[in-house]
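What follows is one structure encoded as structure tokens, with my remarks underneath.
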Amino acid sequence: MINLKNVSLVFQGGSVAISNVSAKVKDGEFVYLVGHSGSGKSSFLKLLYKEYLATKGEIEVANIDVTKLPKWKIPLLRRKIGIVTQEPQLLDNRNTFENISFALEIMGSLPEEIDTKTNTLIDLVELNECAYKYPGQLSGGEQTRVSIARALANNPVVLLCDEPTGNLDPELSIQIISLLEKINRAGTTVVMATHDSSIVNRRKKRIIELKDGKIIRDQLNGSYVVR
Amino acid sequence: MGKFSYVLKNTILNMRRSPLLVFATIIAVLVSSFLVFTTLSARSIVQNNTVRWQSGVHVVVFLDDRVTTSAHKQLQESLESYPEVRLVDYFSKSEAKDEFQVLFKDQPELLAEVDFEILPSSLRINLNNPSDYTLIIERLEGNPAVKEIRSSGEAIERLLSLTDTLVISASAFALLIGFAAFILIINTLRLAAYSKRKEIKIMRLLGASSTYIRLPFTLEAVVESLIGTSIAVGFGWAVIEYSKNSVVAESIFDITIADDYLIFLTLSLLLFSLVFGLFASFVGIRKALND
């Protein structure tokens, strides 16, 4: 599903974000990407959906050679990936239903298909009560769930989550993790970046730990100790 | 269908967001297109009239009536032998009188006072190439049978030169206003793209192609450009229709323009405005999409 071979990312000016990283994530896996702020977690994820271009190495996601993918084909890659960011990035002038259906709308889905699928997604993220509320009327956790539902709209094979619980309290964070696990059980590969050890240690999953852009640990059923 | 309605909805939304800028853009395109339309139409009218005049009499040689008519006859034969000359018509004193009476039929006082004896007989020359009028003048210089020579070539040349100057000036002005319209479109699109930067960012994350993100902006630029040009062309047609029945049309000018030419001009301008809108939108949001 995801394969990185000797990947490095060096920004203009010489700062190294990712250094010679190799990793594989299989279909249907749930992986926590952990490390301190600035360890390279976000850069790792952004390389996967080609927001950043690797300086060196090879990246393959969902059978697409990301490193050789021309710029005009990036949308094709992103349609296979669901992306959830720390800030939910919702459109303020659209309610929950419209924010989720936006993803289907821009892909050219038919109105009936948009309605059916959006309602299914609202059910999945348990936001039926908030379907017609605007982002300003939603809690942080609800906004994150809208963002997850939107990311799932195009049936992605992999879901990349960049600290989706970063702004949430522990209880809401657990709800989001439960939701992501539910999505993972349905067959979607999930890679979630976080620096919250309480979340990671509660559910024993595979952990890839980054430090200064390098993988210092890759462990199944691992735990994360903040050093 | 879904994609099309998204593009249409967002185009209207963008245009409603900054109506004054949209209005200014349309006005600038309108003025620029109107100038191009009227200038090219005017040039066509002048060219038509010039051709008409050039196919008529090019040089008039007024004859000295003190010399004998055989000298006049000799001069006519000599002129007819020149390769540049197509036709030479002798215009007698009585024909000159008739013509004068027709031309000034509305001024009976003048007709009453004129001594028709002073009107000279003349030779009216039609040339194969109207620009050869100087050669004829040179050859007739010093000929005792010739009293005076008048040529229409010089007047036509002056008129054509004036028309060319007008066309160049109007074109330069149209270009300047066209450039202003171009800047206005770019500015309008950049403002729209800036206000939608979050939406654009989300669309990119969700896998929308650049073309799809670009379409509402492109359509906006094309619509503004086409509206401006269509109104301008409409005005242009109205001006031509009005001019046909005006005082100018009753004078020496023939205001008619071939419908084929007007249709060609209209379609060319609309096509140009389409390309203009596409190019302006390409330049306008290139930066916004690359960020």
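Below, chains carry the letters A, B, ... as their sequence lines are ordered, and counting in each starts from 1. Below, all heavy atoms of this structure are taken into account, side chains as well, without hydrogens, waters or symmetry copies. Source: prediction; values computed, not measured.
- Other residues, nucleotides and ligands contribute more than 12 heavy atoms inside 6.0 Å of the CG atom of A:Asn128.
- Between B:Leu206 and A:Phe102 the shortest side-chain heavy-atom distance falls below 4.5 Å.
- Using a 4.5 Å cut-off between heavy atoms, B:Lys196 makes no contact with chain A at all.
- Within the 4.5 Å cutoff, the side chain of B:Ile202 has heavy atoms near those of the A:Arg150 side chain.
- Residue with the most contacts toward chain B among A:Glu51, A:Arg78, A:Lys73, A:Lys80: A:Arg78 (heavy-atom pairs, distance under 4.5 Å).
- For the pair B:Lys198 and A:Asp92, the minimum side-chain heavy-atom distance is below 4.5 Å.
- Atom-to-atom distance recorded for B:Ser210:OG and A:Ile74:CD1 is 8.5 Å, nearest 0.5 angstrom.
- Counted within 6.0 Å of CZ on B:Phe279, heavy atoms from surrounding residues, nucleotides or ligands total 12 or fewer; the atom is thus considered open.
- Looking at A:Leu90, only its backbone comes within 4.5 Å of chain B, counting heavy atoms on both sides.
- More than 12 non-hydrogen atoms from other residues, nucleotides or ligands lie less than 6.0 angstrom from OH of B:Tyr261.
- Residues A:Pro75 and B:Gly207 share a closest heavy-atom pair of CB-O, 3.2 Å.
- Here the closest heavy-atom approach between residue B:Tyr212 and residue A:Glu105 is recorded as OH-O, 3.7 Å.
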